[in-house]
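Below you'll find the structure, written out as structure tokens, and then a few comments.
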Amino acid sequence: MISAQAWADAQTLWDFQQMGHEPRPCSVAVGLGSHDLGVADTTAELYHRGLFPFVVFTGATSRTTQERMPRGEAEHYRERAVELGVPEHAILVEPNARNTGDNIRFSRAVLEERQVPVSSVLLVSKPYEERRSYATARKLWPGVEWVCASTSMTLPEYIDSIGDARLVLDMMVGAQQRLMIYPRQGFMIEQEIPDDVRAAFERLRDSGFTSRLAPETADQT
């Protein structure tokens with residue numbers, strides 16, 4: 001059972017991760033690989049709104065995706081986007097990234113190799129990783145403007161879509177921890193963490209939502 005306090009704390013982390021950006025036209029989009037095919041769905045929707053001409057789907061596999069996405073996260077995202085009407089020529093696949101830093105670095109390399117001019121990027125992620133993704137991108141590719149986007153839904157709706165509340169809360173706690181430890185390790189820009197967000201994270205961590213915590217050493221995962 002997940003307590004009422006844990007649900008309230010999860011909502012606090014969920015709200016903090018939302019950057020509140022309004023999607024707008026950008027040079028390209030980058031869709032960050034994960035267990036959530038909703039990222040591909042949202043990217044396809046934004047493409048059909050005419051907000052970018054190309055998207056890079058980026059991601060290999062992880063312990064949460066190796067069974068459900070055996071061909072790699074980026075490839076499964078590509079297949080899903082094509083099903084939703086995004087033309088093949090508008091999709092680039094980066095199949096090697098294994099963390100958010102890799103996602104940004106490797107996507108940049110793919111675009112530079114194709115000589116795609118980039119001044120702004122629409123960064124599509126899971127809803128509870130907008131801020132983490134933004135902080136990483138700002139650190140690793142500072143010369144462009146970053147606009148964050150994710151599927152518009154509530155925390156309960158998102159958990160229903162994934163079907164595993166424990167996994168979602170564990171992932172949210174892991175995302176929040178990285179916002180707090182990665183800046184000093186050089187992986188992200190510094191973010192101000194409000195006291196209520198820090199307290200919510202600590203209560204969830206102390207309640208056992210720990211399976212996605214990172215080692216507090218300079219090893220990005």
Side-chain angles (χ1 to χ4, degrees), residues 10-52 54-59 62 64-65 68-69 73-74 76-78 80-81 83-84 86 91 94 97 99-104 107 120-141 144-165 167-179 182 188-189 191 193 197 200-201 212:
Q11 185 67 56
T12 297
L13 298 191
W14 176 272
D15 293 342
F16 181 61
Q17 279 285 345
Q18 306 292 302
M19 294 296 296
H21 293 172
E22 184 67 30
R24 63 170 183 78
C26 289
S27 305
V28 297
V30 171
L32 300 180
S34 73
H35 63 90
D36 181 7
L37 269 177
V39 174
D41 293 358
T42 297
T43 304
E45 176 191 344
L46 295 170
Y47 174 83
H48 290 305
R49 287 170 55 184
L51 297 187
F52 51 86
F54 298 101
V55 57
V56 180
F57 287 127
T58 168
S62 69
T64 56
T65 62
R68 70 181 77 183
M69 297 181 181
E73 296 158 6
H76 282 265
Y77 277 22
R78 183 196 68 79
R80 177 65 171 167
E83 288 176 4
L84 295 172
V86 179
I91 303 172
E94 186 295 296
N99 57 56
T100 309
D102 284 353
N103 290 143
I104 302 304
S107 294
S120 57
V121 180
L122 191 57
L123 187 62
V124 189
S125 68
K126 300 186 294 294
Y128 62 83
E129 289 201 335
E130 279 194 20
R131 188 174 295 274
R132 172 191 175 184
S133 303
Y134 176 80
T136 304
R138 284 279 311 280
K139 177 70 176 183
L140 298 179
W141 195 354
V144 302
E145 182 178 359
W146 294 93
V147 180
C148 292
S150 63
T151 306
S152 179
M153 55 174 45
T154 66
L155 174 57
E157 288 170 341
Y158 186 79
I159 288 174
D160 285 346
S161 76
I162 299 300
D164 187 337
L167 171 64
V168 173
L169 267 62
D170 278 354
M171 297 284 277
M172 291 172 63
V173 170
Q176 182 60 44
Q177 181 217 25
R178 286 160 175 78
L179 276 178
Y182 276 2
M188 295 180 180
I189 63 168
Q191 300 271 294
I193 310 296
V197 173
F201 160 77
R212 296 297 297 175

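Bear in mind that the values here come from a model prediction, so they are computed numbers and not experimental data. Just so you know, these numbers use all the heavy atoms, side chains as well, and skip hydrogens, waters and symmetry mates.
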Open item on the list: Does Thr151 form a side chain to side chain contact (heavy atoms under 4.5 Å, CB included) with Asp41? I'd like the steps, not just the answer.
Closed with: CA-CA 8 Å; Thr151 306; Asp41 293 358; 5.9 Å; no

Open item on the list: If you apply the rule side chain to side chain contact (heavy atoms under 4.5 Å, CB included), what do you find for Leu122 with Leu46, and how did you get there?
Closed with: CA-CA 9 Å; Leu122 191 57; Leu46 295 170; 3.7 Å; yes

Task: Pair Gln176-Ile193, side chain to side chain contact (heavy atoms under 4.5 Å, CB included): steps then yes or no - done: CA-CA 9 Å; Gln176 182 60 44; Ile193 310 296; 3.8 Å; yes

- [ ] Test Cys148 against Gln18 for side chain to side chain contact (heavy atoms under 4.5 Å, CB included), laying out the working first.
- [x] CA-CA 9 Å; Cys148 292; Gln18 306 292 302; over 6 Å; no

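Shown here for Leu51 and Pro23, the closest heavy-atom pair between the two residues is CD1-CB, 3.8 Å. The two atoms that bring Phe16 and Arg131 nearest to each other are O-NE, 2.8 Å, heavy atoms only.
Side-chain contact between Ile162 and Asp36 is present, with at least one heavy-atom pair separated by less than 4.5 Å. Looking at heavy atoms from C-beta onward, Glu94 lies out of side-chain contact with Phe57 at the 4.5 angstrom threshold. Contact of the Val39 side chain with the Ser34 side chain is registered, since non-hydrogen atoms from C-beta on lie closer than 4.5 Å. Annotation: side chain of Gln17 is not in contact with side chain of Pro127 (no heavy-atom distance under 4.5 Å). Between Ser120 and Val144 the shortest side-chain heavy-atom distance does not fall below 4.5 Å. A 4.5 Å side-chain heavy-atom check between Met153 and Asp160 finds every atom pair outside the cut-off. Thr100 is not listed as a side-chain neighbour of Met188, based on a closest heavy-atom distance of 4.5 Å or more. Counting heavy atoms from C-beta outward, Thr43 and Leu84 have side chains that stay 4.5 Å or more apart.
Asp170 is linked by a side-chain contact (heavy atoms from CB on, under 4.5 Å) to Arg166, Phe209, Ser211, Arg212, counting only residues two or more places apart in sequence or in another chain. For Tyr47, the ring pair (Phe, Tyr, Trp, His ring centres under 6.0 Å) partners are Phe52, not counting sequence neighbours. In this structure Glu129 satisfies the salt bridge (charged side-chain N to carboxylate O under 4.0 Å, His left out) test together with Lys126, Arg132, sequence neighbours excluded. In this structure, the ring pair (Phe, Tyr, Trp, His ring centres under 6.0 Å) partners of His21, at least two apart in sequence or on a different chain, are Tyr134. Among residues two or more places apart in sequence or in another chain, the side-chain contact (heavy atoms from CB on, under 4.5 Å) test is passed with Ala10 by Leu155, Leu169, Met172.
For Glu130 (side chain) and Met19 (main-chain N/O), a donor-acceptor pair under 3.5 Å exists by modelled atom type. At distances below 3.5 Å, not a single donor-acceptor pair connects side-chain atoms of Thr12 with backbone N or O atoms of Val197. With hydrogens and angles ignored, the 3.5 Å screen pairs no side-chain donor or acceptor of Arg49 with any backbone N or O of Glu45.
The distance from atom CG of Leu140 to atom OG of Ser107, rounded to the nearest 0.5 Å, is 11.0 Å. Considering CG of Leu123 and CG of Leu32, their distance stands at 4.5 Å, rounded to 0.5 Å. Residue Phe201 holds its CZ atom at 5.0 Å from CD of Gln177, rounded to the nearest 0.5 Å. Interatomic distance, CG of Leu37 versus CD of Glu83, reported as 8.5 Å (0.5 Å rounding). For the atom pair CG (Asp164) and CD1 (Ile159), the distance works out to 9.0 Å, reported to the nearest 0.5 Å. If you take OG1 on Thr58 and CD1 on Ile104, they are separated by 7.5 Å, rounding to the nearest 0.5 Å.
Among residue pairs with one or both ends in residues 144-153, those qualifying as salt bridge (Lys or Arg N to Asp or Glu O under 4.0 Å) are Arg24-Glu145; sequence neighbours excluded.
The aromatic rings of Tyr158 and Trp14 sit tilted, their planes meeting at an angle between 30° and 60°.
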